[in-house]
Amino acid sequence: MIGRVAGLADLLKGDGSADRVVPPSGFTAHLTLFTAGAMAFLTVFALALSLAAGQLADRWESELARTATVRISAPEAQMATQTAAVLEVLRTTPGIAGARVLDAAEQAALLEPWFGPELPVDSLPIPRLVEVTETGAGYDGDGLRLRLAAEAPGAVLDDHTRWRRPLVRAADRMRLVGYLAIGLIAASTAAMITLAARAALAANARVIEVLRLVGAQDVYIARAFVRRFTRRALSGAAAGTVAGAVMMLLLPDMGGDSGFLAGLGFSGWGWAWLPAIPLLAAGVAFWATRAAALRVLGGLT
Amino acid sequence: MIGRVAGLADLLKGDGSADRVVPPSGFTAHLTLFTAGAMAFLTVFALALSLAAGQLADRWESELARTATVRISAPEAQMATQTAAVLEVLRTTPGIAGARVLDAAEQAALLEPWFGPELPVDSLPIPRLVEVTETGAGYDGDGLRLRLAAEAPGAVLDDHTRWRRPLVRAADRMRLVGYLAIGLIAASTAAMITLAARAALAANARVIEVLRLVGAQDVYIARAFVRRFTRRALSGAAAGTVAGAVMMLLLPDMGGDSGFLAGLGFSGWGWAWLPAIPLLAAGVAFWATRAAALRVLGGLT
Amino acid sequence: MIELDEAAYSYNSDDLLAGMTLQLAPGSFHFLTGPSGAGKTTFLKLCYMELMPTRGAVRVFGTDVRAMSRDAVALNRRRIGIVHQDCQFLDHLSVAENVALPLAVSGRDPSSEAGNIDELMAWVGLDGRRGARPPELSGGERQRAALARAVVLSPDVILADEPTGNIDWDMAQRLLRLLVELNRMGKTVLVATHDLNLIRAAKAQVAARVLRIRDRRLQSAGADL
Amino acid sequence: MIELDEAAYSYNSDDLLAGMTLQLAPGSFHFLTGPSGAGKTTFLKLCYMELMPTRGAVRVFGTDVRAMSRDAVALNRRRIGIVHQDCQFLDHLSVAENVALPLAVSGRDPSSEAGNIDELMAWVGLDGRRGARPPELSGGERQRAALARAVVLSPDVILADEPTGNIDWDMAQRLLRLLVELNRMGKTVLVATHDLNLIRAAKAQVAARVLRIRDRRLQSAGADL
Ligand SMILES: Nc1ncnc2c1ncn2[C@@H]1O[C@H](COP(=O)(O)OP(=O)(O)OP(=O)(O)O)[C@@H](O)[C@H]1O
Ligand SMILES: Nc1ncnc2c1ncn2[C@@H]1O[C@H](COP(=O)(O)OP(=O)(O)OP(=O)(O)O)[C@@H](O)[C@H]1O
Ligand SMILES: [Mg+2]
Ligand SMILES: [Mg+2]
């Protein structure tokens, strides 16, 4: 492994003589540089999308877990039994992590936005609220409703998750799309660099012929191409990544303060992914070109 | 315009003789096909993202417009004056489209989830609620609070938009990112096809020389290249678009029923954009190759 | 057909060719000789409009080459058959297709003239190699194919650059006879060659004028030939 | 140095060359002649391992070519100087760099041998064209540059394919003298040519053996030369 890394470093330094013998090949060079750059740029976007969507999904998911309540409206006398029945039902329902009866202060806090702080909660015939925490897998809402109706007629499941769940799903989906896009971009980059390398090799068939004629070994010829494409992919992708990162920083940072959607930018560890992009591109270029070069050379006399 | 379209159609039919004289150029061919395909595929994704984010933003935006309330807690005697004062303040606040006092039934409906349907709203000292509809531009929340504190001491602005606005912003941002990605992809495609065309022209410098030697005119030579690249871009992009569309259809259609986030798929008019992708790609390839070919040919004797 | 009027050419600052005056009359036969590097190929390139004179004028079919558009150059080249010193071919086409290339390029249908092509290939002794690719030909076969391609459009003028450089004496004489035959059909022929034996052999068959490039100038070769 | 033992070669189904037996002894001088298309270039390609015999054996420096790896072929080629009929060069390098190419390719530093290169360029009469690109050379200049490149690594064997095809008689004789000089230095030389005058001129200077390809076979040329 260390040898391989050293080999790569060696590659990037270059070898004046071997590099001169393969012509500069202007357009495949530009093409490779540009492809690597554009792909890296798009990767930054896709990565940001995935990471942001992932964070969003996680945050929403965790908020979701606390947004179902069971409301028990019953005559004072039955309140205690029905509450106990509800808690028992909830305890035995798969997908429910916990249930907790809200105390008077909490109930008052919930009502505050509507009635102001002075509402006499104790003196009102208000229902009792049970906060339900679900597990990641979630529970079967309709089944729970049926059971509650049977066990505690005054209990109503108020599933606030219903309208938030699609949000979580959407965020999850965004993340999926982002990863899919990254995979696609990586595959396209590999394919395009392979094809560009093969185009360069094909365009230089005569050069290769001359080099073989004067006694050049395959590795000598292959190395000139591999070195070139690896370096181009590395620098192109580095430029693209930097451009993408700058773009991300320049995007107006909206919604930041609410903390609810920290935004599409990278936060914390997200940035750590960026240097991987050019390195991956260089690795892809290295192997793709090497394979292409040795294959083309193997077919010659 | 019609002439131009006819010219394009003519191009795609091909001309056996002129097409044979330029060698098949395997790798640039694959490269162009693949690039066009991959780029079209990514465009489908970006387009879906943009359209879905746009719909989401619009829907959330319209829901936002109805989610601020002013709550007036005041002794029975002052209730009418303070309500009038609040309405007056709201009427003269820029960014507020309308304000409406909720009647008892509506207030009961709002409270129902918490207290059940039997809550005696009339007998409770509950505050009066004023629903505020804002204009698209929105209002200055802090300024309004100050004015309300001065005019109606019992009035509290309850801005429910606060936690939803970031969502709208996020959706808007997604849409922006999507359009940006489409722009980037289109620009990259143009650049890559131009470079591929130039690479092909450079690789065929000798062919062009021979053709000039035997008396071929520039248009004859250029046409062979332009036709080839246009056709490749068209078919590559068509394949990529179809693949992208199939992929979109295969993505699990989640969150559909809630209607809140119809999902990332295309809906209705969204599909109409798809056929534009290969046509645009072909157009880009046509002009990019034409410019490259005539430029290269102009530089020869 | 082709006229040079005090034409000069220089690749860099120094003149390679200077003060060249010549008229290629219709139906004439010229040889161009001179040591390696004298400028024979350069002279031919002036005649077929690949190079423009740096001074003086070159007129092809009556038009000054400098006044010609790129398309006019292309059209005029169809009236000039060129045997290039490097015998340039399209390696992805067969030899027969390469010979027919000027037909395709000038918008004629090569398949309708397949008979002519076959005849032409036999004339240069390549009927057995019709389907081969140019890189599969021997050096001499390539030169013969280049001659066949040069005459396929029945040009008025034939310019041949070392057409016998890679072929043996028997074949060279056969090629010479082909050129003489074309000249008898009324075509103007200019052959650049360093092979003095070929020129001597030709003089027995045709009234050829021998030009020599010496000291950057065009001279008529003396009696030493 | 190079031995053929009943070697045969065919591009398609028919044998082009058959039953070729020959030993190129160190320090020998051979000419190879035969009509255009006889297989001279093909014969040389067998010698420098570009083609493998379809029957029989070819041994280069004692090793059967079929037993050689691609790398061994490359290394052995450095001991063989090849003047290709098409004079292949790298068009993006200068002539001097092309001549020095075998040095670069075999891992030696061309700049440290700049003096040798200069001498070599002068030897083939190209000192004035050192910085030119190959396409800027005349046909004859290219052939001389190809010879310079063939000898830059001081090879044991020199194989030249029509080295005088594009050059005038004076220059051809100079080139011949260069080859004779190399032979006197102990190098094995094999020249494929169709130029019988050249062979006659050589016989006055060196004990050359003349081989001829006739009817797909290698023959010693008779007294007619
Ligand atoms: N494109 C070019 N740029 C610079 N110099 C050139 C170019 N082409 C040719 N020359 C130089 O001009 C001189 C004449 O070249 P040209 O090819 O006309 O010679 P030639 O008479 O055909 O020789 P040969 O018999 O060897 O083919 C040579 O010295 C050559 O190096
Ligand atoms: N790659 C190939 N595939 C098929 N046939 C070939 C190939 N290369 C050469 N030939 C054929 O083999 C025959 C001999 O070719 P070669 O080049 O060896 O001849 P040569 O003796 O060098 O002729 P010249 O004097 O014209 O150069 C020719 O008829 C040629 O067409
Ligand atoms: Mg010349
Ligand atoms: Mg040969």
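Bear in mind that the values here come from a model prediction, so they are computed numbers and not experimental data. In what follows, chains carry the letters A, B, and so on, assigned in the order in which the sequence lines appear, proteins first and then strands, with residues in each chain numbered from 1. Quick note: numbers below take in every heavy atom, side chains included, and nothing from hydrogens, waters or symmetry partners.
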Return the CZ to CG distance between A/R206 and D/L90, rounded to the nearest 0.5 Å.
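Reported value, rounded in 0.5 Å steps: 10.5 Å.
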When rounded to the nearest 0.5 angstrom, what is the spacing between NE2 in D/H92 and CG in A/N204?
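The CG atom of A/N204 is 8.0 Å from NE2 of D/H92, to the nearest 0.5 Å.
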Atom CZ of A/R290: over 12 foreign heavy atoms under 6.0 Å
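12 or below, so no.
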So if I apply the side-chain contact (heavy atoms from CB on, under 4.5 Å) rule between D/V105 and each of A/V214, A/L213, A/V210, which one comes out positive?
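Only match with D/V105 under side-chain contact (heavy atoms from CB on, under 4.5 Å): A/V214.
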Could you check whether any side-chain N or O of D/R77 sits under 3.5 Å from a backbone N or O of A/R212, counting only pairs where one atom can act as donor and the other as acceptor?
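At least one qualifying donor-acceptor pair exists.
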Taking all non-hydrogen atoms of both residues, which atom of D/A74 and which atom of A/A216 are closest, and how far apart?
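Here D/A74 and A/A216 meet closest at CB-O, 3.5 Å.
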